[in-house]
Engineer: 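To start, I am sharing the structure in question, which I have written as structure tokens.
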Amino acid sequence: MADEMTTTPARPDAPAGRPSGPGGRPGGPGGPGGRKFFRRKKVCKFCTEKIDAISYRDVRLLQGFVAERGKIVPRRLTGVCTTHQRRLTRAIKQARNIALLPFAARF
Amino acid sequence: MQRFYEVMFIVRPDMADEDLDKLIAGLEQTVTNGGGNLRSTEKLGRRKLAYLVRKFADGNYILLTVDADGALVAELERRLRVSEPVIKFITVRMDEEEKRLNKVKAIRASRRKLSAIPPEPVEAAPAPAETAAPASA
């Protein structure tokens with residue numbers, strides 16, 4: 001009985017070392033110098049700044065979430081939360097439809 | 001059933017101002033005649049288009065906000081499609097979004113009230129910790 005009691009609390013320590021694993025951004029510093037800069041925890045811009053209406057008319061805002069060629073930037077790069085990414089996507093697509101944003105930018 | 005819509009459309013840039021006013025007045029007329037309520041009309045001005053539309057590189061943006069039902073929106077869209085100077089339009093339903101925003105606003109207002117109270121719980125929290133410490137020792 002005593003042995004079982006000691007083995008179970010030991011378990012939680014094993015997964016604790018994991019958090020450093022995910023969140024890899026391609027093109028990071030992969031040289032021999034190791035990590036050159038500290039990767040900041042990404043937070044949802046809409047949650048922190050309490051922007052709840054994402055309008056298709058707000059081109060200035062939407063432009064920040066569109067890549068150079070006009071693609072929607074994925075959530076894993078921008079750190080936007082799922083709910084807001086969904087609304088953002090909708091807004092960007094509406095803006096494209098009325099020619100406020102390009103479908104594909106001319107190089 | 002009345003719903004709240006935004007109708008945005010682009011007219012060709014080479015259109016005279018009087019003609020534009022006439023076009024807008026005509027659309028407003030259809031809204032009021034069709035039993036809808038016109039909330040506002042806004043000329044957003046001339047803007048460069050993100051891509052070519054009917055070989056135009058820029059256009060005049062106009063925004064109508066309207067309370068209307070489905071039949072009226074269909075009629076409005078038909079008119080926009082038929083009128084030659086209008087090169088693009090989009091209708092977006094806003095009432096559900098508005099409802100959600102009001103809800104969020106209400107929740108946020110109620111949270112503020114709670115955050116005004118806290119002083120008491122902060123004082124209460126350290127007290128049990130002190131009593132717990134001697135017990136373990």
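Below, read A as the first sequence line, B as the second, and so on, with proteins coming before strands; counting in each chain starts at 1.
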Engineer: Which residues, numbered in order, of residues 51-63 of chain A come under 4.5 angstrom of chain B by heavy-atom distance?
Structural biologist: A:Asp52, A:Ala53, A:Ile54, A:Tyr56, A:Arg57, A:Val59
Engineer: Does one hydrophobic cluster hold both B:Leu44 and B:Val7, with members joined at side-chain heavy-atom distances below 4.5 Å?
Structural biologist: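 No, no single cluster joins them.
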Engineer: Where is the tightest heavy-atom contact between A:Ala99 and B:Ile10, given as atom of each residue plus distance?
Structural biologist: CB-CD1, 4.3 Å
Engineer: Honestly curious: do A:Val73 and A:Phe46 fall in one hydrophobic cluster under the side-chain, below-4.5 Å linking rule?
Structural biologist: no
Engineer: Please find the pair of heavy atoms, one from A:Pro102 and one from B:Ala50, that lie closest to each other, and give the distance.
Structural biologist: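 That closest heavy-atom pairing would be N-CB, 3.3 Å.
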Engineer: Using non-hydrogen atoms and a 4.5 Å limit, figure out which bit of B:Ile90 sits close to chain A: side chain, backbone, both or neither.
Structural biologist: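 For B:Ile90, the contact with chain A is made by backbone and side chain together.
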Engineer: Do B:Val104 and A:Leu88 belong together in a cluster built from hydrophobic side chains that touch within less than 4.5 Å?
Structural biologist: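 Result: no, two separate clusters.
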Engineer: What part of B:Leu63 is in contact with chain A, defined as an atom under 4.5 angstrom from a non-hydrogen atom: side chain, backbone, both or neither?
Structural biologist: side chain
Engineer: Any side-chain heavy atom of A:Leu100 within less than 4.5 Å of one from B:Tyr61?
Structural biologist: yes
Engineer: With clusters defined by side-chain heavy atoms of hydrophobic residues (ILVMFWY) lying less than 4.5 Å apart, directly or transitively, does A:Ile98 cluster with B:Val11?
Structural biologist: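 No, B:Val11 and A:Ile98 fall in different hydrophobic clusters.
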Engineer: Supply the atom-to-atom distance A:Arg90 CZ to B:Glu97 CD, rounded to the nearest 0.5 angstrom.
Structural biologist: 7.5 Å
Engineer: Assigning hydrophobic clusters by single linkage (Ile, Leu, Val, Met, Phe, Trp, Tyr; side-chain heavy-atom cutoff under 4.5 Å), is A:Leu101 placed with B:Leu49?
Structural biologist: yes
Engineer: Just checking B:Arg100: does its CZ atom have more than 12 heavy atoms from other residues, nucleotides or ligands closer to it than 6.0 angstrom?
Structural biologist: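 Yes.
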